Protein chains: 2
Amino acid sequence: MKQEINIMDVAQLANVSIATVSNVINGKGRVSSLTEKRVRKAIDELGYAPNLLARNLKTKRSGLIGLVVPTVKPGRLKDNPFYWDLLAGVEEYARERDFHIILSGFDEAEESFEFVKERQLDGLIIVGTGEQSSAIDKVLALNIPFVFVDNYLMNPDLYQISLDDRLGGWLATKHLLDLNHRKIAVHIGDIPLERIHQFGVLHERWNGYRLALEEAGIAYDASLMIQLPTSIEGGQEAAEWLAQHSDVTAIFSFSDIAAIGILKGLKERGIKVPQDKSVIGFDDLYMTAFTSPPLTTVSQNIVVKGIAAAQLLFHQIENSSHYSRKVVLPVELKIRETTGWLSKD
Amino acid sequence: MKQEINIMDVAQLANVSIATVSNVINGKGRVSSLTEKRVRKAIDELGYAPNLLARNLKTKRSGLIGLVVPTVKPGRLKDNPFYWDLLAGVEEYARERDFHIILSGFDEAEESFEFVKERQLDGLIIVGTGEQSSAIDKVLALNIPFVFVDNYLMNPDLYQISLDDRLGGWLATKHLLDLNHRKIAVHIGDIPLERIHQFGVLHERWNGYRLALEEAGIAYDASLMIQLPTSIEGGQEAAEWLAQHSDVTAIFSFSDIAAIGILKGLKERGIKVPQDKSVIGFDDLYMTAFTSPPLTTVSQNIVVKGIAAAQLLFHQIENSSHYSRKVVLPVELKIRETTGWLSKD
DNA sequence: TTGAAAGCGGTACCAC
DNA sequence: GTGGTACCGCTTTCAA
């Protein structure tokens, strides 16, 4: 009913064998241009479209790649525009190659990746959950091309896309230091500081922060690490913290979304940015150019990240060699208006 | 290599026929619990996962549904967090039923939906392009279950999910009128007013606006319709327009993203909200609760929209009857702080 | 240059 | 309860 016409119908109409039709479709074998014309005509007339299930069953390729993203609430995709941008990049690249994307949420606990085998996916892109993922071994066992995004896995054999997070952390901190700030708080997110090394992205940004401090001869002060959720609300709480610490003149948030909350929280408390406190974020979300004041932040191009991931994946799928298994994408400091010079006392 | 073990291997190990293995997997036919145990054990030991390509080839179902969203730049998914929320809803519902989502951008011009037939998709969700889509006929010709989201198609046979846009328009306008505003501008988006009827969503919001006006005995004034892009930048331009029209005391933007721009533009010009101008948006993006001041807006739940679309689609796929082919989701006015009482002169 | 036929890995009907 | 086997729609030898 759904798919009534098949290669047989075409063959009959064109008065050839199904093998010939197949050859025409795939441009293989020798087919006289006359026959080809007849076949093409038949295809058109019938509105025939080959059944990829059948084709793929035979060829062992599915033309499908999986994009696995973390979920927050069980069963629901993580609520962050970041993923959409990433998806856009992957989809764009894949579509040009006639691949499609299957998107799947990932419940850390009970994900078996069965669907990858079941659907014969040709490749897999796994987006970091923040924490060292328990999924790695499962993914390796699948024995198909894959790419990890933002995962910071210490295995050199794995294909990985990441950001120059450390440089980002360094740039942000350096910028603040150059503006004469000395006590710089860091909003790291809702994780215990002792476990930050498990969260590659955060850890690297934090390393960049410490490095810049060290270069400036300033001692690292763990009491300046604010452990609050990466959300607008978390940012607002961080603002409260700032209000209570008048000696702290600047804050570096590892995420724009929280920086937005910080800005808002400070404003509500009558604390002026950047006169009283400087604020710097990370990500360069579309919105942040339009906060008031516009947010100074470390910028990354997420769509490009998606494209890069797809690229690295296809290098494997197509067996083209790649110079490296790790791709580190650049960051850029976008100085806008939430950071300002601190006059000495 | 990729998928080495198949149903035969399981059958051999368990010392049964492949038919029996199939029965166990699908819970069909009578299988003695002893045999079943043996088979399950073999499956476990081998780590067997059935090849869905083969199964689906036979059963004519793919367990796949397509989500088609518009693209902006050719080849790139539309840059709007809205779609991610929608996707989250669809994915959640589908996953519970062991379906997967194939996501595809949609180039108005040259989309043939071939992939739907090729991949034997079981259903299709098409998200509105704003304009009456040229895709309708193509989709109908596919002869598979489908749902249009936000498309306002005038064919009663089509399954459609939409929002109570008209009520939203009415609520927003009524709210402004109740606050004593009389000259209310509307930022409709970057389309000529003459063609607004082609854009269902906008048209309905606009209808709601006119209705509220009419009920209040106020004449509609086309010169109050601002035709600028639906973007932050467009909103900023709208603010400029407002600055030049001091008799206009309120503005209703059909989109939060533009409302954010309006807020920003007004602030830059020293125009106070809501003292000088009232602003109201539409969508209730996550961000808008955190603008300053927090934006009054018409709220919709986009994840629920995705779930509703999936639901309607599965009603068709599973052949369960549904009371209606059209589902209209509710809106809600969220009064925050950008709208205020207008003292008479 | 073309066609016959053997799979790909399952499902499901029908015997036993 | 269990197994034999004819498909599903296509690709791919191999022969003609």
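Note on naming: letters A, B, ... go to the chains in the order of the sequence lines (proteins, then strands), and numbering restarts at 1 for each one. Predicted, not measured: the structure shown is a model, and the values here were computed from it.
Atom CZ of residue B:R55 and atom CG of residue B:L57 lie 12.5 Å apart, to the nearest 0.5 angstrom. Note that CD1 of A:I125 and CG of A:L86 are 7.5 Å apart. Values are rounded to the nearest 0.5 Å. Rounding to the nearest 0.5 Å places CG of A:D122 at 7.5 Å from CD1 of A:I144.
Ring-plane geometry between B:W84 and A:Y83 is classed as parallel, the angle between the planes falling under 30 degrees on a 0 to 90 degree scale with a further cut at 60. Relative ring orientation between B:F113 and B:F115 is described as parallel, the plane-to-plane angle staying below 30° on a 0-90° scale split at 30° and 60°.
Remark: C1' of C:dG3 and CZ of A:R38 are 13 Å apart, rounded to the nearest angstrom. In this entry the distance linking CD1 of B:I7 with P of C:dG9 reads 11 Å, nearest Å. With rounding to whole Å, A:I43 atom CD1 is found 10 Å from D:dC10 atom P. B:L52 places its CG atom 20 Å from the P atom of D:dC8, with the value rounded to the nearest Å. Separating the CG atom of A:N56 from the P atom of D:dC10 is a distance of 11 Å, rounded to the nearest angstrom. Between the CE atom of A:M8 and the C1' atom of C:dA4 there is a distance of 12 Å, given to the nearest Å. A:I5 has its CD1 atom 16 Å from the P atom of D:dC8, to the nearest Å. Following rounding to the nearest Å, A:R55 (CZ) and C:dG9 (P) show an atom-to-atom distance of 18 Å.
Looking only at side-chain heavy atoms (C-beta outward), B:V149 and B:Q160 stay at 4.5 Å or farther from each other. Residues B:L121 and B:L124 form a side-chain contact, since some pair of their non-hydrogen atoms from C-beta on lies under 4.5 Å apart.
Residue-level contact check: A:V21 touches neither bases nor backbone, having no heavy atom under 4.0 Å from any strand. Nucleic acid contact for B:R30: base, since at least one base atom lies under 4.0 Å from a heavy atom of the residue.
The phosphate of D:dT2 has neither OP1 nor OP2 within less than 4.0 Å of any side-chain N or O from B:T20. Phosphate proximity of D:dG9 to A:N6: present, with a side-chain N or O under 4.0 Å from OP1 or OP2.
Counted by atom type alone, B:Q300 and B:K305 present one or more donor-acceptor pairs between their side chains at under 3.5 Å. There is a side-chain donor-acceptor pair under 3.5 Å between A:D165 and A:Y152.
Along DNA chain C, the nucleotide nearest A:S17 and the nucleotide nearest A:A54 are compared for position; the residue whose nucleotide lies closer to the 5' end is A:S17.
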What are the atom names and distances for every N/O pair under 3.5 Å that joins the protein to nucleotides 12-16 of chain C?
{"unit_1": "C:dA12", "atom_1": "OP2", "unit_2": "B:K28", "atom_2": "NZ", "d": "3.0"}

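Across the helix from C:dT1-D:dA16 to C:dC16-D:dG1, the helix axis at one end is tilted relative to the axis at the other end by 40° (nearest 10 degrees, each axis from five pairs).
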